[in-house]
Amino acid sequence: MKILVINCGSATVKFRLFQTQGQDELISLAGGIVSGLGKEDAQMSYHIPDFRFEQQLNRPGYREAIEAAIQCLTNPKYGVVRDVSEIDAAGHRTVHGGDKFTHSVLVDRDVITKMEQCSHLAPLHNPANLAGINQAMALLPKTPQVAVFDTAFHQTIPLHASLYAMPFEMYETHGIRKYGFHGTSCQYIVHRASQLLHQPVEKIRMVICHLGNGVSVTAVKNGHSVENSLGFTSLEGAIMGTRCGALDPGVILYLMTELNFSAEQVYTMLYTKSGLLGISGVSNDMRTITDLAEEGNPRCRLAIEMFAYRLKKYIGSYIAVMGGIDLLVFTGGIGENSPIVRSLAVKDLGFLGIEIDPELNDKALAVESLIHRKPCPVTVAVIPTNEEWMIAKETLEVLAARDRKNAIEKGGEIVKEMNS
Ligand code: AMP
């Protein structure tokens with residue numbers, strides 16, 4: 001079977017086509033990205049093994065971007081399918097499913113309506129995800145579409161961990177609680193960790209540090225998420241590229257009442273001007289910040305220290321939440337590539353059994369690696385995340401569940417006919 005994974009962001013459309021192989025394998029046939037949506041100089045980049053194709057697109061919307069992706073995938077020279085009928089399903093990354101979605105689902109009108117009702121919870125992401133789904137349904141009308149929710153994996157976080165200590169009706173009436181994000185990435189890491197450690201997930205108490213542009217720390221016990229540092233929105237928790245993470249809510253009141261900030265100004269500052277960018281004053285990119293810190297820039301040094309210190313607080317508290325830890329994972333652009341962040345984040349955690357080997361840590365650059373000192377009770381691993389693979393896998397499972405349900409219904413009808 002062939003599964004097309006589509007990830008629509010606010011400025012990009014990423015896509016990848018997978019093919020099933022054997023029982024459990026999914027191999028990537030082709031992939032690409034359209035960046036600069038809506039701009040005159042938008043770029044399409046498409047690749048298959050040993051071949052890359054680049055093209056400029058003029059002000060593409062979601063429809064044009066997905067159309068361009070399909071044209072590449074079906075191109076007689078460098079495409080990987082003859083026509084779209086070879087694509088068995090499309091799986092869509094969807095950021096926020098609110099309380100309405102605990103699993104990935106086959107998209108129909110009802111699902112779209114429910115997703116629209118969740119859009120206010122992720123105003124930057126959900127409208128883009130929905131636009132992608134709508135355009136893919138128009139362009140591939142015969143292909144089943146599956147929505148895979150980033151929040152679904154975190155639906156197992158217990159109420160005592162997900163509620164804010166506000167009047168209870170804020171939760172009951174308005175759904176204000178922690179939802180958690182990066183669930184698809186965590187699901188992949190849990191799957192991969194179990195293979196890597198040759199242990200069932202139920203036996204691994206895990207802390208996953210997903211450190212990319214967005215940053216989250218997740219506690220996984222018995223294979224289920226029990227805590228995640230992101231919250232009602234993607235602003236809570238660890239320090240991110242441009243987002244502040246945990247902040248005294250009183251600061252927001254002060255900004256608005258004493259400094260006359262409008263809600264929009266607060267929003268812009270906390271989402272786009274804070275985090276690594278706000279502290280360093282130069283960049284939200286950990287590569288730039290690390291280079292400048294090495295040259296002696298004090299604000300860049302401070303940014304790295306604060307970033308790692310906040311991570312350490314989450315790691316320690318999640319170990320307490322789970323009553324111990326077996327595996328600590330670093331993933332995401334920074335987690336996979338930054339030895340300095342990894343080493344600072346676990347500095348002085350030896351008393352909890354966490355110690356990393358400096359040499360192994362330095363060598364672990366975007367490759368799956370174990371980086372703990374041996375012998376050491378806690379495994380520390382770098383595992384490059386693969387959300388697209390996970391979305392393809394979830395899409396296959398939704399299709400299989402649909403087929404099982406259809407077979408049961410058909411069986412029931414035959415029995416009914418036989419009995420009548
Ligand atoms: P992601 O959102 O997972 O794609 O991660 C993006 C972030 O990873 C970038 O903003 C960089 O800060 C960071 N990153 C990527 N490569 C490196 C690297 N070699 N060293 C440090 N940080 C990196």
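In this chain, residues are counted from 1 in sequence order. Computation of the quantities below employed the complete heavy-atom set of this structure, encompassing side-chain atoms and omitting hydrogens, waters and symmetry-equivalent molecules.
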Checklist entry - Would the number of heavy atoms belonging to other residues, nucleotides or ligands and lying under 6.0 Å from NZ of Lys14 be above 12? => result no

Item to check | Centroid separation Phe51 to Tyr46 less than 6.0 Å | outcome: no

Checklist entry - In terms of side-chain heavy atoms, does Thr184 have a donor or acceptor partner in Asp150 at a distance below 3.5 Å? => result yes

Item to check | Whether Asn129 side chain and Val95 backbone form a donor-acceptor pair below 3.5 Å | outcome: yes

Next on the checklist: Check whether Asn297 reaches the backbone of Ala293 with its side chain - one donor and one acceptor, N or O, closer than 3.5 Å.
Outcome noted: no

Next on the checklist: I need the minimum non-hydrogen distance between Ala65 and Leu37, along with the two atoms involved.
Outcome noted: CB-CD2, 3.9 Å

Checklist entry - Going by distance alone, is a donor N or O of one side chain under 3.5 Å from an acceptor N or O of the other, for Glu394 and Gln187? => result yes

Checklist outcome for this item: Exactly one of Glu336, Arg192, His210 clears side chain to side chain donor-acceptor pair (under 3.5 Å) with Thr331, and that residue is Glu336

Item to check | Stepwise salt bridge (Lys or Arg N to Asp or Glu O under 4.0 Å) check, Asp41 with Lys39 | outcome: CA-CA 5 Å; Asp41 57 349; Lys39 294 194 175 158; over 6 Å; no

Next on the checklist: If you define the side chain from C-beta out and look only at heavy atoms, does anything of Asp291 sit under 4.5 Å from Thr288?
Outcome noted: no

Checklist entry - Is Thr272 reaching over with its side chain to a backbone N or O of Met269, donor-acceptor style, under 3.5 angstrom? => result no

Next on the checklist: Ignoring hydrogens, what is the shortest heavy-atom contact between Val107 and Ala147? Give both atom names and the distance.
Outcome noted: CG2-N, 3.7 Å

Next on the checklist: Ring centres under 6.0 Å, that's the criterion: do Tyr179 and His96 meet it?
Outcome noted: yes

Checklist entry - Between Asp326 and Arg205, is there a donor-acceptor pair closer than 3.5 Å when you use the side chain of the first and the backbone of the second? => result yes

Checklist entry - For Asn284 and Thr242, does a side-chain donor sit closer than 3.5 Å to a side-chain acceptor? => result no

Item to check | Donor on one side chain, acceptor on other, His92 and Gln145, under 3.5 Å | outcome: yes

Next on the checklist: If we ignore hydrogens and angles and just use 3.5 Å, is the side chain of Thr268 paired with the main-chain N or O of Glu264 as donor and acceptor?
Outcome noted: yes

Checklist entry - Got a donor-acceptor contact below 3.5 angstrom from the Arg342 side chain to the Ala364 backbone? => result yes

Item to check | NZ/Lys312: more than 12 non-hydrogen atoms of other groups inside 6.0 Å | outcome: yes

Checklist entry - If we ignore angles and hydrogens, is there a donor and acceptor under 3.5 Å between the side chains of Arg243 and Ser234? => result yes

Checklist entry - When you look at CD of Glu359, are more than 12 heavy atoms from neighbouring residues, nucleotides or ligands closer to it than 6.0 Å? => result no

Next on the checklist: Whether the side chain of Thr385 engages the backbone of Gly332 through a donor-acceptor N/O pair (distance < 3.5 Å, no angle test) should be reported.
Outcome noted: no

Item to check | For Thr218, the option from Glu227, His182, His154 that meets side-chain contact (heavy atoms from CB on, under 4.5 Å) | outcome: His154

Next on the checklist: Quick one about Arg16 and Ser28 (side-chain donor to acceptor, distance below 3.5 Å, no hydrogens or angles considered), yes or no?
Outcome noted: yes

Next on the checklist: Using a 3.5 Å distance criterion without hydrogens, assess whether the side chain of Ser194 forms a donor-acceptor pair with backbone atoms of Val190.
Outcome noted: no

Item to check | Other residues, nucleotides, ligands: >12 heavy atoms within 6.0 Å of Lys142 NZ | outcome: no

Item to check | Of Ile112, Thr143, Asp108, the residue whose pairing with Met137 passes side-chain contact (heavy atoms from CB on, under 4.5 Å) | outcome: Ile112

Item to check | Validation row: Val217, Asn228 side chains within 4.5 angstrom (heavy atoms) | outcome: no

